[in-house]
*Asks:* 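Below is one structure. I have some questions about it.
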Amino acid sequence: MFIGHFAVALAAKKVAPRTSLGTLAVAVDFTDLLWPIFLLLGWEQVRIVPGMTIVTPLDFVSYPLSHSLLADIGWASLLAGPCLIRKRIRKDALVIWACVMSHWILDAISHRPDLPLYPGGGVFVGLGLWNSLPATLLVEGTMFVVGVATYLRSTRARDKTGVIAFWALMIVFVIFYLANVFGPPPPNLTALKIGALGAWLFVPWFYWIDRHRPAISIAESGTSADP
Ligand SMILES: [Zn+2]
């Protein structure tokens with residue numbers, strides 16, 4: 001899952017209007033942001049096996065630190081923790097926590113049974129949505145449209161950048177997604193790891209959008225959003 005994760009961040013802006021879309025995007029994709037780093041460090045392993053599932057050619061051999069349920073509870077708490085000490089966005093801590101956990105839940109729906117419950121555990125879960133291309137496109141496409149619509153209804157562009165930066169990123173996402181699903185598998189593991197690391201480039205883009213697209217409720221109250 002790719003754009004489905006970010007759909008959660010877009011929709012979450014409605015319930016956490018003071019938290020930047022950048023923070024919400026980091027939260028929903030945090031485990032996938034960590035994953036290429038852990039791969040490059042040799043802590044986790046992946047193989048390219050064309051035909052592994054209909055949608056992805058990746059065999060997630062081992063990724064307990066980035067993708068086990070227990071580790072994700074830890075990452076979610078780490079990311080949400082700082083909000084608890086900031087009075088104005090204390091309730092957003094729960095939203096950030098839920099955003100991080102949404103990644104594991106959506107991955108559990110998409111992946112074949114390869115998601116560990118805890119590091120070193122022998123129980124793996126995965127409902128295998130990726131075994132069906134039409135079902136994957138339907139589920140993820142619907143989530144994305146709902147996420148974008150919810151975000152547009154709950155935010156307002158402050159200037160032209162708020163319109164252009166947002167739509168440009170959404171177009172890039174759709175192109176990336178279609179290239180991922182319909183394009184050839186990565187040529188080798190190095191290309192895969194470096195490519196996955198590229199997801200970090202979207203982080204400042206999301207923060208940039210947020211600075212030019214405040215939540216309507218915040219814009220009307222005249223106070224600026226927290227970073
Ligand atoms: Zn993931």
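All ligand and atom numbering here is 1-based and tracks the order in the structure.
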*Asks:* Establish, from distance only, whether the side-chain atoms of H67 and D107 form a donor-acceptor pair under 3.5 Å.
*Replies:*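 H67 vs D107: donor-acceptor pair found between side chains.
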
*Asks:* For K193, does the NZ atom have more than 12 heavy-atom neighbours from other residues, nucleotides or ligands under 6.0 Å away?
*Replies:*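 Yes, enclosed.
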
*Asks:* With a cut-off of 2.8 Å, does any N, O or S atom of H111 fall short of it relative to the Zn ion (ligand 1)?
*Replies:* no

*Asks:* For the Zn ion (ligand 1), find the closest N/O/S atom on D107 and give its atom name.
*Replies:* OD2

*Asks:* Answer yes or no as to whether an N/O/S atom of H5 is found below 2.8 Å from the Zn ion (ligand 1).
*Replies:*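 Checking H5: none of its N, O or S atoms is under 2.8 Å.
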
*Asks:* With distance as the sole criterion, is a donor-acceptor pair present between the side chains of T31 and W104 under 3.5 Å?
*Replies:*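 No pair is found: no donor N or O on one side chain lies under 3.5 Å from an acceptor on the other.
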
*Asks:* Tell me which N, O or S atom of D32 sits nearest to the Zn ion (ligand 1).
*Replies:*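 When I compare the N, O and S atoms of D32, OD1 is nearest to the Zn ion (ligand 1).
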
*Asks:* Would F6 and F144 count as a close aromatic pair, with their ring centres under 6.0 Å?
*Replies:* no

